[in-house]
Amino acid sequence: MKTNCAVTQDLLPLYEEELLQPDTQRFVEEHLQSCQECWKIAEQSQIPLPSKVNPGSSPKKMIRKITVKLTTIQIFFVAIAFVLAMSTTVMNDNRDFILTYTILGVAVYLFYRSVLVAILLAAVPNFIWNCLLYMTDIFRDYYADSFFEALGMALINLATHLLFTVIGIAIGFCIRKIMEE
Amino acid sequence: MKKLEEEYEEIQPKIYAFFYAKTGNSATAQDLCHDTFYEACKNIASFNGHSTLSTWMFSIATNLLKKHYRKNKYQLSLMQKLSLVPETEIHSLEELAEIKEDTRKLLYHISKLEDSEREIVLLRIYGELSFAEIGALIGKSENYARVTFHRLKLRIQKTMEVSL
Ligand SMILES: [Zn+2]
């Protein structure tokens, strides 16, 4: 009978969570009926440990506060990205974007730890701005003749800027790995 | 986004209880809890769904706790303190002032476990994680977590009864 005791006790964790096959479950139940010692252990393990902890402050309030803070930071990032997009166009031979978009990539990636978010934050304002620039006649100097020419220019512009954002993300990734060491 | 907030609200008391059991200080637990949710909200885009949201949040929580103790080197964790004093003196620990008697005893016995065992017990009873989630967090199988917890629980109950 001793082997049955050891087997039953080993099976108890699975028995309590009803994870046993029907046959095995029957075996355990039959043994528990006939063995006082194992019955006691099974009963004992039903009793939860006293683990109550006073609840902390309301989670709703805390999460709301964090959301507000993060939304503010996000708006700030988007604003910066728009300013960068407006101040750099390849057309007027401005090379500052090499530095600014790399930094943007590093900063946004390190903050959100997401490649997608970093790329979107750099790309969307840049693309919107370039479309305004080449497709509308608000800024007459750059107005392109056809839609496809405009789209082409906007995309080329986007690609060059994104290249440096991606380099920034790569740098950010390395920084993160080094910091985690 | 709404769904995520609901899940956060559900996990929050568990994260808080886990930090509380680890630090024995409600203000510290509160702060660490806040930091965990801040990190989680900020980096949610990097949550890849390979694990459950709880597992992911608890791995953030564990990392923040490690950082917290690294920053405050002089500060012993509650578990370290508990493991140093005899049971009769656990009342004198200021960290335990607001904790109920039976929970105090339980924490004392948990502090006597080995590091890896202790983690399983704390994650289960305070973090209320499933065995699969605990397994994923400690890098072991679900069944390892289940069986180990079961044994430790019986052992703790036995010693607690003896010491009553
Ligand atoms: Zn038996």
Side-chain angles (χ1 to χ4, degrees), chain A residues 8-17 19-20 37-38 40-74 77 108-121 169 172-173 176 179-180, chain B residues 1 4-5 8-21 26-27 29-30 33-35 37-47 63 98-107 109-110 121-122 124-126 128 131 143 145-151 153-154 156-158 160-161:
Chain A
T8 303
Q9 286 171 26
D10 275 349
L11 290 174
L12 275 182
L14 293 169
Y15 172 72
E16 276 162 24
E17 290 182 66
L19 293 174
L20 291 176
E37 195 189 332
C38 290
K40 256 192 200 151
I41 293 174
E43 261 201 329
Q44 174 95 72
S45 70
Q46 298 280 330
I47 305 168
L49 292 166
S51 62
K52 277 284 154 283
V53 155
N54 296 334
S57 68
S58 132
K60 259 202 174 72
K61 231 165 131 190
M62 182 187 76
I63 292 165
R64 190 47 40 90
K65 246 161 103 186
I66 290 174
T67 317
V68 169
K69 190 175 164 194
L70 285 171
T71 310
T72 317
I73 294 173
Q74 202 170 348
F77 271 133
V108 176
Y109 176 76
L110 280 182
F111 190 77
Y112 290 106
R113 300 202 174 173
S114 160
V115 176
L116 183 70
V117 173
I119 287 181
L120 281 179
L121 245 164
I169 292 171
F173 184 79
R176 198 184 132 194
M179 299 242 288
E180 276 172 8
Chain B
M1 206 59 205
L4 191 67
E5 247 172 68
Y8 277 159
E9 274 168 34
E10 208 175 291
I11 299 173
Q12 196 268 355
K14 300 168 190 176
I15 301 255
Y16 174 78
F18 176 73
F19 279 135
Y20 192 68
S26 62
Q30 207 91 258
C33 202
H34 172 275
D35 293 350
F37 280 84
Y38 180 72
E39 288 292 315
C41 292
K42 184 160 81 78
N43 300 335
I44 188 65
S46 72
F47 170 60
N63 277 333
E98 40 188 312
I99 301 178
K100 282 208 201 89
E101 179 74 23
D102 49 355
T103 310
R104 220 182 284 179
K105 281 222 172 80
L106 174 65
L107 285 174
H109 289 292
I110 292 176
V121 175
L122 290 175
R124 177 66 183 178
I125 60 181
Y126 293 99
E128 292 175 39
F131 291 119
N143 230 5
R146 174 180 288 117
V147 171
T148 313
F149 174 76
H150 185 80
R151 293 212 176 110
K153 185 184 157 196
L154 285 175
I156 290 171
Q157 280 175 327
K158 220 175 194 171
M160 278 179 84
E161 246 178 358

Query raised in the report: Under a 4.5 Å heavy-atom cut-off, does chain B meet the side chain of L12(A), its backbone, both or neither?
Result: both

Report summary line: Honestly, the part of L154(B) sitting under 4.5 Å from a heavy atom of chain A is side chain

Query - Best-contacting candidate, I63(A), I41(A), V117(A), against chain B by heavy atom pairs under 4.5 angstrom - result: I63(A)

Report summary line: Cut-off 4.5 Å, heavy atoms of chain A, and the answer for F131(B) is side chain

Query raised in the report: Where on E17(A) is there a heavy atom nearer than 4.5 Å to chain B: the side chain, the backbone, both, or neither?
Result: side chain

**Report entry** Closest heavy-atom pair and its distance - Y38(B), I73(A)
**Finding:** OH-CD1, 3.7 Å

Query raised in the report: Of the backbone (N, CA, C, O) and the side chain (C-beta and beyond), which part of N143(B) lies under 4.5 Å from a heavy atom of chain A, both, or neither?
Result: side chain

Requested in this report: Mark yes when over 12 heavy atoms from residues, nucleotides or ligands other than R64(A) sit less than 6.0 Å from its CZ; otherwise mark no.
Outcome: no

Report task. Answer with side chain, backbone, both or neither: which region of K65(A) has an atom nearer than 4.5 Å to a non-hydrogen atom of chain B? Result -> neither

Report summary line: So, the part of I156(B) with a heavy atom under 4.5 Å from chain A: the answer is side chain

Report summary line: Heavy-atom nearest pair, S114(A) first then S46(B), reads CB-N, 4.4 Å

Query - Proximal component of L116(A), with respect to chain B [non-hydrogen, under 4.5 Å] - result: neither

Report task. Using non-hydrogen atoms and a 4.5 Å limit, figure out which bit of T103(B) sits close to chain A: side chain, backbone, both or neither. Result -> both

Report summary line: CG (L49(A)) and CG (D102(B)) are apart, to the nearest 0.5 Å, by 10.0 Å

Query raised in the report: What are the two closest heavy atoms between H150(B) and Q9(A), and how far apart are they?
Result: NE2-O, 4.5 Å

Query raised in the report: Which residues satisfy the side-chain hydrogen bond (donor to acceptor under 3.5 Å, both in side chains) test with E43(A), sequence neighbours excluded?
Result: none

Query raised in the report: Would one find more than 12 heavy atoms of other residues, nucleotides or ligands at under 6.0 Å from atom CD of E101(B)?
Result: yes

Query raised in the report: Just by distance, do the side chain of K42(B) and the backbone of L70(A) share a donor-acceptor pair under 3.5 Å?
Result: no

**Report entry** side-chain hydrogen bond (donor to acceptor under 3.5 Å, both in side chains) against E128(B), all qualifying residues, sequence neighbours excluded
**Finding:** none

Query raised in the report: Can you check whether K60(A)'s main-chain N or O pairs, donor with acceptor, with Q12(B)'s side chain at less than 3.5 Å?
Result: no

Query - Choice from Y126(B), Y20(B), Y8(B) maximising heavy atom contacts with chain A below 4.5 Å - result: Y126(B)

Query raised in the report: So, does K153(B) use its side chain to make a donor-acceptor pair with the main chain of Q44(A) at under 3.5 Å?
Result: no

Report task. Considering non-hydrogen atoms only, spot the tightest contact between Q157(B) and I47(A) and give its length. Result -> NE2-O, 2.9 Å

Report task. State, to 0.1 Å, how close N43(B) and F111(A) come at their nearest heavy-atom pair, and which atoms those are. Result -> OD1-O, 3.0 Å

